[in-house]
Amino acid sequence: MLAAHLEQLAPGAFRKTMKDNRDGMRVLFQHGHDPSVGDKPLGTIDELKEDDTGAYYEVGLLDAGYVREDILPGLRAGLYGASFRFKVLREEFVEEPPVSSHNPQGIPERTIKEARVMEFGPVTFPAYADATAGI
């Protein structure tokens, strides 16, 4: 089964939200939906930037039982990816893009040009396979 469209994030898509909304962001496990941890924050955002790969963050984890018992073992074992909850502010959609190395079948492409991030953190099943979380 083919995907309905190819989605990508443009370089700089997070720049404004990282500058203007950093204090409003939270770091949560499973987008705050884990039955054990819920929407408790995992720690403080120590570093937040875009690099050549995409969004990059470092978090000073809280010294709390739910972090030590529920989160750290999976991070140490490399079992989690990373994800972020965001609202698209600007996007571009190309119905018939040319065939390329990143889109060999030429399926429609959605490029997110600007997004507002509300929350991010480790998840079991990340939407983007290359998005990682570790310790």
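Everything numeric here is computed off the predicted structure, so don't read it as measured data.
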Quiz prompt | Verdict with supporting geometry, I112 and F14, side chain to side chain contact (heavy atoms under 4.5 Å, CB included) | solution = CA-CA 10 Å; I112 298 168; F14 296 127; over 6 Å; no
message = Taking the side chain as everything from C-beta on, heavy atoms only, tell me whether L89 gets closer than 4.5 Å to K113.
response = no
Looking at D46 and E58, would you say the former's side chain and the latter's main chain have a donor-acceptor pair under 3.5 Å?
no
Heavy-atom nearest pair, K40 first then L28, reads O-CD2, 3.6 Å
- Message: For Q8 and T111, which I'm curious about, is there any donor-acceptor pair between the side chains at under 3.5 Å?
- Response: yes
Is there a path from V67 to I135 through hydrophobic residues (I, L, V, M, F, W, Y) whose side chains come within less than 4.5 Å of each other? yes
- R68 with D63: basic N within carboxylate O range, under 4.0 Å: yes
Nearest heavy-atom contact between V27 and V59 is CG2-CG2, 3.7 Å
Here the gap from K87 atom NZ to M118 atom CE, rounded to the nearest 0.5 Å, amounts to 8.0 Å
Original post:
Does F86 have its ring centroid less than 6.0 Å away from the ring centroid of F120?
Top reply: no
Closer than 3.5 angstrom, by distance alone: can the side chain of N103 be matched with the main-chain N or O of I107 as a donor-acceptor pair?
yes
field: Geometric cation-pi criterion, K49 with Y57: 6.0 Å, 45°
entry: no
The test is side chain to side chain contact (heavy atoms under 4.5 Å, CB included); show your working for V123 and H31 and say whether it passes. CA-CA 7 Å; V123 295; H31 297 295; 4.0 Å; yes
Heavy-atom nearest pair, V94 first then P97, reads O-CD, 3.5 Å
Taken to the nearest 0.5 Å, the spacing of L79 CG from R76 CZ works out to 12.5 Å
For residues L62 and L42, determine if any side-chain heavy atom of one lies less than 4.5 Å from a side-chain heavy atom of the other.
no
Correct closest heavy-atom pair for A133 and G81 would be CB-O, 3.4 Å
Quiz item: So do D34 and D39 actually touch side chain to side chain, heavy atoms under 4.5 Å?
Solution: no
Do F84 and Y128 have side chains that approach each other closer than 4.5 Å (heavy atoms only, starting at C-beta)? yes
Report yes or no: does R22 contribute a side-chain atom to a donor-acceptor pair with the main-chain N or O of I45 at less than 3.5 Å? yes
- Query: Using 4.0 Å as the upper bound for N to carboxylate O, is an ion pair formed by E91 and R110?
  - Reply: yes
Taken in chain and number order and not counting sequence neighbours, the residues that satisfy side chain to side chain donor-acceptor pair (under 3.5 Å) with S100 are H102
For E109 and H5, which I'm curious about, is there any donor-acceptor pair between the side chains at under 3.5 Å?
no
All heavy atoms of I71 vs all of V37, minimum pair found to be CD1-CG2, 4.0 Å
- Can you tell if the side chain of Q105 reaches within under 4.5 Å of the side chain of V99, non-hydrogen atoms only? no
Beyond-backbone contact of T17 with M25, side-chain heavy atoms, under 4.5 angstrom: yes
Whether S83 side chain and P126 backbone form a donor-acceptor pair below 3.5 Å: no
query: Is the distance between the ring centroids of F29 and Y66 less than 6.0 Å?
result: no
**Message:** For E47, is the CD atom crowded, meaning more than 12 foreign heavy atoms sit under 6.0 Å from it?
**Reply:** yes
Applying side chain to side chain contact (heavy atoms under 4.5 Å, CB included), run through T124 and Q30 and close with a yes or a no. CA-CA 7 Å; T124 305; Q30 304 286 36; 2.6 Å; yes
Tightest non-hydrogen contact, residues A82 and T132, listed as CB-O, 3.3 Å
